[in-house]
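Chain naming here is simple, since letters A, B, ... match the order of the sequence lines and numbering starts at 1 in each.
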2 protein chains.
Amino acid sequence: MKSATINDVAKQAGVSKKTVSRVINNEANVSDAMREKVQKAVIETGFKRNPLGMALAKNRSLFIALLTDNPSPGYLMKLQKGILQGCTEEHMGLFLYDCSYYSNNLLDEVEEFIDNTLVDGLILAPPICDKLELLEMLNRKQVNYIRIGPSYRTQGEFVGLNYQKASFEVTSYLIRLNHQQIGYIKGHPDEESSVIKEQGYRNALEENGIKIDESLMVQGYYTYQSGKDAAALLLNKTPRPTAIFASNDEMAAGVLYEAQSRGIKVPQELSISGIDDISITTKVFPNITTYRHPLVNIGYNAAMLLIKRLKNKKNAPPCGDEKNNQIFEGELVIRDSTATIK
Amino acid sequence: MKSATINDVAKQAGVSKKTVSRVINNEANVSDAMREKVQKAVIETGFKRNPLGMALAKNRSLFIALLTDNPSPGYLMKLQKGILQGCTEEHMGLFLYDCSYYSNNLLDEVEEFIDNTLVDGLILAPPICDKLELLEMLNRKQVNYIRIGPSYRTQGEFVGLNYQKASFEVTSYLIRLNHQQIGYIKGHPDEESSVIKEQGYRNALEENGIKIDESLMVQGYYTYQSGKDAAALLLNKTPRPTAIFASNDEMAAGVLYEAQSRGIKVPQELSISGIDDISITTKVFPNITTYRHPLVNIGYNAAMLLIKRLKNKKNAPPCGDEKNNQIFEGELVIRDSTATIK
DNA sequence: GATTGGCTTGACACCGGTGTCAAATTGTGA
DNA sequence: TCACAATTTGACACCGGTGTCAAGCCAATC
């Protein structure tokens, strides 16, 4: 029950293997008559190209993989969904690999993964996408990659959200609701996104003439628990901030929990907002105001960019042109966790 | 910068390719002296077997894939994590493929995916794992598979939780808290797990001498929204049930939201429990009582079972022995969404 | 000493494609 | 009509491994 090979097609059409190869690869310099004859034979035999044979001959597998470091599950699910969509559309398989930013031998692990699967393209999710040594290793191994999320400190292409605008808009919105004491929970210190988002928060305050109170800015790590802990610090302050802006939704959910466990009414006594618009924001009560992060779309575009590059350029340089960077816009999503004060 | 091939090793050791092949595959009938000599050469050259070459020669890629139909994100994340763990341990790549149970040409899509990746093993998550036509296609294509979640109606091995015990224990616990009117939200009618779980609920009521009230049993579909909708039906009843048992956590979260949006206090006025112990249960307020579903472990074991089978048996029969089924036990996890009544 | 058999090793074809280069065919201009 | 170039096609080696089978070697048996 094996499927037809290129030899079967060649026999059926009465031509050489190579000619069949030319036709199925849409190469130039094939006569129309020949092309037609071969295409007919392809259909008759039900031929499907064996990707392994091709990979071996061309020394390019065309397989790609998503490298994650287990950020917020909601974030990952959205991203993964978009990437899968792109891969399916392009008839490509997607490998998954979960690693740890802080693993001692991250590089060896990833290198082994690449050797085991022979992927020749990677999509790097944050925070792994900012790990310089990793990027260098990929360059050395000639493995193409695209990164998710804006990243200017290190080289390589990225596809991501305009974070500065995101946090600027959320902060501005809270200010429009008359909040003056807006607690802010920072992102992971190792991720470049944290710096960018913080800048947006600062800019919005400044632009509205609100003095920046550093004690209202608390370190978080993009996790639920860190959001909860940070909220505890902020809610212990007197006077208590009237709003808390967590720099991602995962932390915002933690803030909501902490507030509710203290009997603080949301949004009557405390407004809460996040960034990302992951699924949990519409599953908790009240639904959380946030900023839409088009992660599905971002994942899709990242996958497409990578795949197209692999398919077109024979030996595409591992690191792309910065002009290929794609920065997406989102928009404020107002829900029930924010309200005007007084 | 290409890595050494088997030819390089052979040259270095002064032996034939085939002998090197024998050593790296740990075949019998190789003299100790020869084995040592080759192993030395392997180390010296830094040789790593090219999986593509092997796959082509043996006509088995050893790649596996996880086929999902996008159930609850929390469920999927846990499962995926365990599977990835197993794959990494066994130095295998994991392909991901997301499909839709109700797609008109599901079979064609999956078949194309298999042809594009040449996976020779699949892990099927529910509900896709109960789709008979799919299983038949996989048998025909000689693709091995393991299913997640108990499934007795269709053939093939599975690894899963003892659902009947799970729902029996949850129901019994609610009864111990003095609840008599326990609303039940069923699982998706197309999934076998729904039947099994429902039986556990019924058994617990009967065993405790509580008459089964069919109007307390509402259809759900394992999604958040369906849980919310079902809760709305149940909470409109008079007298209102004092507890609602949703047959998965995703729906339980929906129930919690619906109750809170009506101002019903949980757990004082309504107890809520689910099954699965996915991450959302500890992110909402109050944390949801549930039954631990060892999905990480289940995923890990499923991956191991599949990989071992692929590695050992050359032409393992696509469908395994029922004796290979692995049924796991979980345990009740009591949190804050349940309380004793009156 | 010749025969038998087990164990170890290597030559060679093959898996399913692609790259190279030369041969065959067609087209062009003088 | 012929020389020459451009286009189309095929023969063959090769990518990196594995399977088959025969040959070489040695000890045990008759």
Side-chain angles (χ1 to χ4, degrees), chain A residues 1-39 41-42 45-63 115-118 120 142 310-311 314-315, chain B residues 1-39 41-42 45-63 115-118 120 142 310-311 314-315:
Chain A
M1 195 54 192
K2 293 188 53 176
S3 77
T5 72
I6 208 169
N7 286 297
D8 302 327
V9 179
K11 210 170 294 170
Q12 172 86 10
V15 300
S16 74
K17 278 166 65 163
K18 182 63 208 181
T19 302
V20 176
S21 170
R22 288 197 179 93
V23 172
I24 62 181
N25 285 300
N26 250 314
E27 283 178 29
N29 298 335
V30 178
S31 71
D32 290 347
M34 181 62 86
R35 192 179 298 277
E36 226 167 284
K37 189 163 67 174
V38 171
Q39 276 164 347
V42 165
T45 55
F47 168 79
K48 283 176 185 168
R49 178 220 258 111
N50 181 326
L52 261 35
M54 188 213 68
L56 189 57
K58 296 186 107 141
N59 198 28
R60 304 187 296 140
S61 71
L62 285 188
F63 290 146
D115 290 338
N116 283 334
T117 55
L118 292 186
D120 40 27
Q142 311 250 58
L310 292 181
K311 284 192 177 170
K314 199 170 197 165
N315 288 310
Chain B
M1 195 52 193
K2 293 188 51 177
S3 77
T5 72
I6 208 168
N7 285 297
D8 302 327
V9 179
K11 211 171 294 171
Q12 171 86 8
V15 300
S16 74
K17 278 166 63 163
K18 181 63 206 182
T19 301
V20 176
S21 169
R22 287 196 179 95
V23 171
I24 62 181
N25 285 299
N26 249 314
E27 284 179 29
N29 298 334
V30 179
S31 71
D32 290 347
M34 180 63 85
R35 190 178 300 276
E36 228 166 284
K37 189 164 65 173
V38 172
Q39 275 164 347
V42 165
T45 54
F47 168 79
K48 283 176 184 170
R49 178 219 258 112
N50 181 324
L52 261 35
M54 188 212 70
L56 189 56
K58 298 185 105 140
N59 198 27
R60 305 188 295 137
S61 71
L62 285 188
F63 291 146
D115 290 337
N116 283 334
T117 54
L118 291 185
D120 40 28
Q142 312 251 59
L310 292 181
K311 284 192 177 169
K314 198 173 199 164
N315 288 310

If the condition is side-chain contact (heavy atoms from CB on, under 4.5 Å), which residues does [X] pass it with, not counting sequence neighbours?
X: B:Ala57; answer: none
X: B:Asn7; answer: B:Thr5, B:Lys17
X: A:Ala41; answer: A:Val9, A:Gln12, A:Ala13

In this structure, how many angstroms lie between the P atom of D:dT18 and the CG atom of B:Leu62, rounded?
11 Å
I'd like to check the side-chain hydrogen bond (donor to acceptor under 3.5 Å, both in side chains) partners of [X]; sequence neighbours left out, ordered by chain and number.
X: B:Asn59; result: none
X: A:Lys11; result: none
X: B:Asn116; result: B:Glu112

Kindly give the atom pairs (protein nitrogen or oxygen, nucleotide nitrogen or oxygen) under 3.5 Å for nucleotides 6-9 of chain C.
| unit_1 | atom_1 | unit_2 | atom_2 | d |
| --- | --- | --- | --- | --- |
| C:dT8 | OP2 | B:Asn29 | OD1 | 3.0 |
| C:dT9 | OP1 | B:Ser31 | OG | 2.9 |
| C:dT9 | OP2 | B:Ser31 | N | 3.0 |
| C:dT9 | OP2 | B:Ser31 | OG | 3.4 |

Spatial distance of atom CG (A:Leu118) from atom CG (A:Leu62) [nearest 0.5 Å]:
12.0 Å
State the CG-OG distance between A:Leu56 and A:Ser61, to the nearest 0.5 angstrom.
11.5 Å
Extract all donor-acceptor atom pairs below 3.5 Å that involve side chains of residues 19-27 of chain A and protein atoms in other chains or at least two apart in sequence.
| unit_1 | atom_1 | unit_2 | atom_2 | d |
| --- | --- | --- | --- | --- |
| A:Thr19 | OG1 | A:Ser16 | OG | 3.1 |
| A:Asn25 | OD1 | A:Arg49 | NH2 | 2.6 |
| A:Asn25 | ND2 | A:Ser21 | O | 2.9 |

Is there any protein nitrogen or oxygen under 3.5 Å from a nitrogen or oxygen in nucleotides 13-17 of chain D, and what are the pairs?
| unit_1 | atom_1 | unit_2 | atom_2 | d |
| --- | --- | --- | --- | --- |
| D:dC15 | O2 | A:Ala57 | N | 3.4 |
| D:dG16 | OP1 | B:Lys2 | NZ | 2.7 |
| D:dG16 | N2 | B:Gly53 | O | 3.3 |
| D:dG17 | OP1 | B:Lys48 | O | 3.4 |
| D:dG17 | OP1 | B:Asn50 | N | 2.9 |
| D:dG17 | OP2 | B:Ile6 | N | 2.8 |
| D:dG17 | O5' | B:Asn50 | N | 3.4 |
| D:dG17 | N7 | B:Lys17 | NZ | 2.9 |
| D:dG17 | O6 | B:Lys17 | NZ | 2.9 |

Give the angle between the helix axes at the two ends of the helix from C:dG1-D:dC30 to C:dA30-D:dT1, taking five base pairs at each end and rounding to 10°.
50°
Any residue meeting salt bridge (charged side-chain N to carboxylate O under 4.0 Å, His left out) with B:Lys58, in chain and number order, not counting sequence neighbours
none
